[in-house]
Protein chains: 2
Amino acid sequence: MLNGRTPSVKDVAAAAGVSLGTVSNVMNRPEVVSARTRERVERAMADLGFVRNESARQLRAGTSRTLAYVMLDGTNPFFHDVAQGIELAAEDADLSLFICNSNSRAEREEAHLDRLLQQRVQGILITPVNSEAPYLYDLTRRGVPLVIVDRRRDDESCCSVAVDDVHGGRVAIEHLVEQGHTKVAFIGGPDSIGQVRERLQGAREVWAELGLPADDLVYLPTEAMTVGEGRSAGERLAGLPARRRPTAAFCANDLLALGLLQQGIGAGLRVPDDLAIVGFDDIEFAAAAAVPLTSVRQPRQELGRAAAQLVLDEATNPDHEHQQLFFTPELVARASSRAR
Amino acid sequence: MLNGRTPSVKDVAAAAGVSLGTVSNVMNRPEVVSARTRERVERAMADLGFVRNESARQLRAGTSRTLAYVMLDGTNPFFHDVAQGIELAAEDADLSLFICNSNSRAEREEAHLDRLLQQRVQGILITPVNSEAPYLYDLTRRGVPLVIVDRRRDDESCCSVAVDDVHGGRVAIEHLVEQGHTKVAFIGGPDSIGQVRERLQGAREVWAELGLPADDLVYLPTEAMTVGEGRSAGERLAGLPARRRPTAAFCANDLLALGLLQQGIGAGLRVPDDLAIVGFDDIEFAAAAAVPLTSVRQPRQELGRAAAQLVLDEATNPDHEHQQLFFTPELVARASSRAR
DNA sequence: GTCGTGGGTTGAAATGTTTCATAAACGTAG
DNA sequence: CTACGTTTATGAAACATTTCAACCCACGAC
């Protein structure tokens with residue numbers, strides 16, 4: 001029972017009439033201790049309600065049993081799916097996962113990283129605000145296993161797992177053009193976000209290759225990648241003169257697309273007849289929208305799982321080599337963009 | 001610079017030509033050390049890239065600088081909003097937040113709790129699979145500050161923060177009846193989930209009070225509270241003979257409601273004319289649905305923030321008393337249920 | 001010149017584990 | 001009966017920090 005303080009190995013040892021070392025062995029190498037004493041010790045642990053103190057273990061071992069994921073935006077289910085993938089891999093390796101959320105603010109991100117460093121986590125996975133931030137390079141210099149998720153670094157100085165965003169932008173636009181659209185909006189921002197820049201780049205590339213006039217791919221920048229911003233982009237779209245108004249929109253993520261969809265329907269537009277919509281990420285809610293959303297699918301859990309494997313390799317394998325994993329996203333066509 | 005091992009206070013002390021204790025003082029009580037030495041030490045810390053080892057500090061201090069939240073279902077944005085509220089409060093108290101996800105599985109939950117105990121977290125917030133689980137009582141017995149979120153315990157042996165689910169059920173049904181519905185479905189499950197039971201109870205209470213025949217409030221149980229289950233409940237609903245088919249549905253959460261909405265629209269129903277829908281939680285996506293969803297709003301962030309404050313009080317205030325905080329949810333009427 | 005006073009610094013102890021070299025106990029082969 | 005191996009158990013050291021009593025020294029008061 002509980003008599004004030006939480007019991008330590010010392011208390012267990014005393015209760016079982018053995019030495020400290022033996023108790024430790026029962027926990028860590030049960031095979032070297034005889035069945036009789038093992039039982040006695042286990043009973044003592046149960047009686048006292050002993051729980052191993054992880055700080056002490058960690059202090060001695062020099063390393064913790066946790067990974068950490070610093071996500072970019074907690075309001076976007078996409079990142080939780082990534083986290084779920086990481087968690088599964090962590091669980092397999094018998095590690096805990098620390099989940100942090102920077103909310104797209106660099107200073108929160110840096111504060112989280114500082115904390116994680118103090119905790120001596122085994123490795124850090126991060127979808128950074130800016131993958132070139134100096135404090136990220138510091139981590140690598142320090143030797144902390146680091147994997148950048150859903151982004152990559154220009155030089156290849158750490159592992160990363162990402163999707164080919166340029167390609168994603170291409171397939172989205174190709175699809176819309178195939179459906180007969182010749183005036184299309186790209187909705188996304190701010191363009192400090194690398195994903196946005198590359199998806200737009202892909203869109204523009206293929207638009208040019210198909211010989212369409214650059215002016216007919218209009219860029220509607222947003223302040224953030226949220227449902228609310230999607231709605232307000234919809235209003236701006238509706239405000240355009242009919243001749244210049246696009247008949248389709250490619251949104252840089254699904255939250256924007258859902259906001260746009262809602263605003264459009266609320267304003268009496270028929271989707272896809274008056275306005276076709278393509279999103280990005282293919283989150284759960286995309287398929288569940290009232291007009292199921294066409295989206296560029298990222299393998300969300302896979303991304304997380306692969307990243308976790310990389311970070312574990314870096315943490316445990318002495319001749320680890322940095323890798324840049326690259327997944328190819330694919331278009332999932334649904335009702336929101338079907339041919340007119 | 002990094003010469004193999006990460007530097008400790010000892011290294012810093014050597015580099016600055018002072019004792020261990022002084023370095024510690026610089027970090028924890030800068031006012032007692034003279035400006036000159038303080039600067040010297042700080043420079044040494046910077047030069048060596050010193051990062052305090054949290055395990056060692058924690059071992060000595062006996063307590064960690066973290067809270068933990070064990071959420072019930074990572075796929076439901078509701079819980080992330082709660083987590084966000086907790087995080088804000090934790091940040092104010094200069095604590096880290098450990099987020100775990102039980103995915104509605106008791107054994108995962110127990111495993112997480114075990115880990116958290118080993119980490120000696122300052123307090124645990126949890127939305128449990130079953131608030132009467134014996135291992136939860138163990139925590140209380142152990143003296144771990146514990147707050148149950150979005151649930152409460154029958155006896156009042158720990159703090160809890162919840163909304164009045166019975167009341168929530170009542171207002172949902174009152175609203176639907178006001179809109180003229182006399183045949184309504186309640187969709188939710190499994191009924192091992194307390195929230196489901198109480199929302200249903202409230203619904204039945206008011207239904208009876210209004211003098212409506214019990215048979216006309218039909219209970220469609222689901223296996224889980226997901227979008228997919230909402231869709232399949234929609235199919236079951238459509239399969240009912242027209243005379244017995246409800247004209248409105250009250251779903252135990254918004255995910256179910258969104259699934260139902262999508263299935264309904266896909267099958268050609270007009271919402272709310274053919275089928276009115278009310279959800280529960282009022283997650284972000286509820287308002288953003290193509291037919292904006294009427295929902296019973298829980299103050300999501302507030303719930304988390306209040307819970308964090310309770311757990312902090314229990315952790316720091318010696319004459320803490322357990323409290324059962326109770327919020328009253330309110331109906332947010334939107335298009336999915338407007339009068340016919 | 002001695003005695004406090006008090007700011008600044010020190011060194012050792014303590015926290016709960018794990019590890020490892022060593023010791024004890026116990027068989028068994030010679 | 002001894003010597004030797006094996007199996008089990010022990011005790012001390014180490015991990016990085018914080019805390020606290022003790023100490024030093026300069027300075028002003030007497």
Side-chain angles (χ1 to χ4, degrees), chain A residues 2-42 44-45 48-66 115 117-122 142, chain B residues 2-42 44-45 48-66 115 117-122 142:
Chain A
L2 169 83
N3 57 343
R5 222 178 65 286
T6 75
S8 71
V9 272
K10 202 189 299 187
D11 302 318
V12 174
V18 299
S19 75
L20 288 197
T22 302
V23 177
S24 174
N25 282 336
V26 169
M27 296 190 285
N28 304 306
R29 294 191 226 64
E31 69 282 3
V32 311
V33 22
S34 75
R36 247 173 61 74
T37 29
R38 175 153 24 109
E39 260 167 46
R40 236 183 24 232
V41 171
E42 276 164 354
M45 296 204 288
L48 293 164
F50 169 78
V51 176
R52 178 206 253 121
N53 182 324
E54 178 64 23
S55 323
R57 167 215 253 257
Q58 191 168 309
L59 173 59
R60 178 65 230 242
T63 172
S64 76
R65 307 284 302 153
T66 46
R115 249 339 136 115
L117 233 40
Q118 294 189 16
Q119 320 259 27
R120 302 289 195 273
V121 293
Q122 280 222 342
R142 264 212 163 69
Chain B
L2 169 82
N3 58 342
R5 222 177 66 284
T6 75
S8 71
V9 271
K10 200 188 302 185
D11 302 318
V12 174
V18 298
S19 77
L20 289 197
T22 301
V23 178
S24 175
N25 282 336
V26 169
M27 296 190 284
N28 303 306
R29 295 190 224 64
E31 68 281 4
V32 312
V33 23
S34 74
R36 247 173 59 73
T37 29
R38 178 158 19 115
E39 261 168 44
R40 239 188 15 235
V41 171
E42 276 164 354
M45 295 203 289
L48 293 164
F50 170 77
V51 176
R52 178 206 253 122
N53 183 325
E54 177 64 21
S55 323
R57 167 214 252 256
Q58 192 168 307
L59 173 59
R60 178 63 230 244
T63 173
S64 74
R65 306 285 302 153
T66 46
R115 268 297 162 128
L117 233 39
Q118 294 190 13
Q119 320 260 26
R120 300 290 193 272
V121 293
Q122 280 221 344
R142 264 213 162 67

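Reminder, nothing fancy here: chain letters follow the sequence lines and each chain counts from 1.
No donor-acceptor pair closer than 3.5 Å links the side chain of B:Arg120 to the backbone N or O of B:Ser64.
Between B:Arg38 atom CZ and C:dT9 atom P the separation is 10 Å, expressed in whole Å. What separates CG of A:Asn53 from C1' of D:dC15 is a distance of 13 Å, to the nearest Å. Rounded to an integer number of Å, the gap from CG of A:Leu20 to C1' of C:dC20 is 14 Å. One interatomic measurement links the two molecules: CD of A:Glu31 to P of D:dT6, which rounds to 17 Å at whole-angstrom precision.
Taking side-chain N and O atoms only, A:Arg52 has a distance below 4.0 Å to OP1 or OP2 of C:dT18. Residue B:Thr22 places at least one side-chain N or O closer than 4.0 Å to OP1 or OP2 of C:dT10. Between A:Ser19 and D:dG11, a side-chain N or O to OP1/OP2 separation shorter than 4.0 Å is absent. OP1 and OP2 of D:dT8 both lie 4.0 Å or more from every side-chain N or O belonging to A:Arg36. The phosphate of D:dT18 has neither OP1 nor OP2 within less than 4.0 Å of any side-chain N or O from B:Arg29. Between A:Ser34 and the phosphate of D:dA9, there is a side-chain N or O to OP1/OP2 separation shorter than 4.0 Å.
Within 4.0 Å (heavy atoms only), A:Ser24 reaches at least one base atom of the nucleic acid. Nucleic acid contact for B:Ser55: none, since no nucleic acid atom lies under 4.0 Å from a heavy atom of the residue.
Here the nucleotide nearest the side chain of A:Asn25, chosen from D:dT10, C:dT9, D:dT17, is D:dT10. Of the listed nucleotides (C:dG16, D:dT10, D:dT18), C:dG16 has the atom at the smallest distance from the side chain of A:Val9.
A donor and an acceptor atom sit less than 3.5 Å apart, one in the side chain of B:Arg60 and one in the base of D:dT18.
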